[in-house]
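All values below come from the heavy atoms of this structure, side chains included, with hydrogens, waters and symmetry mates left out. In what follows, chains carry the letters A, B, and so on, assigned in the order in which the sequence lines appear, proteins first and then strands, with residues in each chain numbered from 1.
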Amino acid sequence: VSPSEARPPVADWATDYDIFDAAYVSDPGPIWADLRERCPIAHTERWGGSWMATRYDDVAEMARLVPALSSQEFTVVPPVPLVDPDTGAVLRARPYAPPISSDPPFHGVARRLILQAFAPQAVARHEPYTRRLAHELIDGFVASGRGDGAIDFAQKIPPRVIAHLMGIDENRGDDFVQWVRGVLELGATDPELRVATGLKMFAFWGEEIAKRRAQPTDDFISWLLEGDLDGEPVDDNHAMSVCNLLLIAGIDTTWSSIGSALWHLATHPDDRQRLVDEPELLPTAVEELLRVYSPVTMGRLATVDVAVDGVTIPAGSRVLMNFPAANRDPDHFPDPDTVVIDRAHNRHVAFGIGIHRCAGSNLARMEMQVALSVFLERIPDFHLDDTAPVTWAGGQVRGPRTLPLTFAAAS
Amino acid sequence: LAPELFDVDDYGYATAAGDGTVPAELEGKAKLAAANCPEFAVIVEDEEVEP
């Protein structure tokens with residue numbers, strides 16, 4: 001079944017939710033508000049079956065139920081085995097992407113291996129590149145008075161920044177986008193595409209790693225290969241899996257956030273003007289945009305029966321921690337569906353919470369701040385171009401995929 | 001959020017700078033950090049100060 005194919009309409013969101021429903025993907029707020037009130041742990045048989053939490057406290061509790069809610073499966077749909085097309089051998093029964101797919105104690109070991117590359121001081125070294133890139137992208141369309149904020153801008157930044165950080169060819173940014181969409185966004189509902197793309201990516205990483213084993217380079221991948229896992233060397237399988245994770249996790253999450261932020265600013269001129277007038281407000285505004293337009297929902301696998309908020313989730317069930325819904329919980333955020341651009345108290349969970357909290361949050365924040373600050377500096381006044389539609393993707397990662405904008409042509 | 005109040009190690013983990021004493025002029029920032037930490041890891045305690 002693909003999202004474009006007709007499916008029966010949702011009868012009741014509490015018992016039959018559809019995370020790929022077009023109306024839900026484009027405006028999930030009212031559905032979350034209804035569920036939070038009426039059935040905070042909802043259930044569906046769709047897409048392999050799952051249980052979904054929409055209250056902040058429930059989502060936070062789930063994130064801490066380790067390993068009862070295990071990360072061995074973390075996608076919002078069931079995993080598809082990765083099978084070698086020539087030999088028929090099962091390469092991966094389910095995604096192996098440490099540390100995101102790991103439970104303790106290995107989780108901590110795998111996380112420490114990569115953390116230093118994403119510390120604030122390490123991320124700051126990539127800011128000049130990010131700023132230059134943002135300017136170059138705007139140079140490409142600013143004279144025409146129109147551009148697609150998702151395709152021409154947001155989508156092009158994270159792939160090149162993460163490629164720059166890892167030491168792979170930045171010019172293949174558009175390929176990386178296709179891969180990530182293939183394994184995640186389009187692949188979520190198209191298992192064949194997911195497998196074909198997964199194989200392509202592993203072939204790529206195999207070559208990149210082999211090159212550096214033969215001739216070490218001064219980049220992230222060579223550094224990773226020299227790392228140690230609690231005294232053990234990093235083998236090719238681990239390195240490949242980490243690289244794959246970083247490319248995927250580094251791309252469509254941040255591109256979605258930049259795109260959602262631009263959509264908000266295009267449709268809320270007062271907020272846009274305020275950021276133009278008070279650029280020092282941007283770090284606070286980025287947190288608020290992350291809260292209201294949080295992109296990521298994470299899955300878990302219940303390894304035992306788990307009771308949350310009075311609901312018993314049976315062992316073997318897929319559980320969805322809906323961080324975006326948690327961030328609109330009125331018990332934690334006054335006026336939760338409104339972007340309050342200078343909201344000072346904002347304990348949002350856009351990056352998750354607990355031991356699996358996003359390892360790349362410093363990088364994501366830097367990219368968002370640089371992207372938005374350069375955009376607002378170059379194009380301070382922009383609007384939706386009503387001649388073409390805005391389209392949204394959702395499921396695991398929500399954000400605009402087309403975002404046609406118009407503005408006064410400039411240089 | 002407040003580099004004057006926190007040190008960050010090579011792994012990106014933050015700890016209170018120095019002995020953790022918050023200068024009066026940074027009290028607002030410290031309280032903001034406490035209100036925004038998703039892990040509730042920042043706690044601001046009041047202390048009686050000898051006049």
Side-chain angles (χ1 to χ4, degrees), chain A residues 56-57 59-60 63-64 99 108-125 223 227 282-284 286-288 290-291 294 321 323 326-327 329 332-334 342-366 369, chain B:
Chain A
Y56 186 103
D57 291 342
V59 171
R64 301 192 197 285
V109 174
R111 187 173 168 98
R112 280 188 83 79
L113 176 69
I114 59 168
L115 273 187
Q116 292 183 61
F118 298 98
Q121 57 275 32
V123 160
R125 290 200 290 272
W223 172 79
L282 194 58
T284 302
V286 161
E287 297 307 311
E288 176 67 344
L290 280 166
R291 181 187 71 81
S294 306
M321 297 186 297
F323 295 116
N327 281 337
D329 187 335
H332 285 260
F333 305 97
D342 58 356
R343 192 185 290 263
H345 287 199
N346 191 352
R347 206 188 299 273
H348 70 74
V349 287
F351 293 112
I353 192 167
I355 64 167
H356 285 279
R357 191 176 175 284
C358 176
S361 63
N362 299 309
L363 180 64
R365 285 180 162 129
M366 182 278 281
Q369 287 180 20
Chain B
L1 185 63
E4 314 92 315
L5 291 170
F6 298 99
D7 290 330
V8 178
D9 71 11
D10 287 348
Y11 290 84
Y13 289 117
T15 47
D19 66 357
T21 305
V22 177
E25 68 274 18
L26 293 177
E27 195 182 315
K29 274 196 168 186
K31 288 189 167 154
L32 207 52
N36 285 292
C37 174
E39 305 290 353
F40 292 84
V42 179
I43 298 165
V44 181
E45 289 171 339
D46 285 325
E47 209 168 63
E48 290 298 321
V49 180
E50 294 289 323

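Under a cutoff of 6.0 Å and an axis angle of 45°, A/R347 and B/F40 form a cation-pi pair.
Only the side chain of A/R64 comes within contact range of chain B, judged by heavy atoms closer than 4.5 Å. Heavy atoms closer than 4.5 Å to chain B are found in the side chain of A/R111, but not in its backbone.
Of all the heavy atoms in A/A344 and B/L32, the pair that sits closest is O-CD1, 3.7 Å. The shortest heavy-atom contact between A/L115 and B/Y13 is CD1-OH, 3.4 Å.
Ranked by heavy-atom pairs under 4.5 Å with chain B, the first of A/R112, A/R357, A/E287 is A/R112.
No side-chain donor-acceptor contact under 3.5 Å links B/E39 to the backbone of A/I353. Not a single donor-acceptor pair under 3.5 Å links the side chain of A/Q121 to the backbone N or O of B/G12. No donor-acceptor pair under 3.5 Å is formed between the side chain of A/N346 and the backbone N or O of B/N36.
More than 12 heavy atoms of other residues, nucleotides or ligands sit less than 6.0 Å from atom CD of B/E25.
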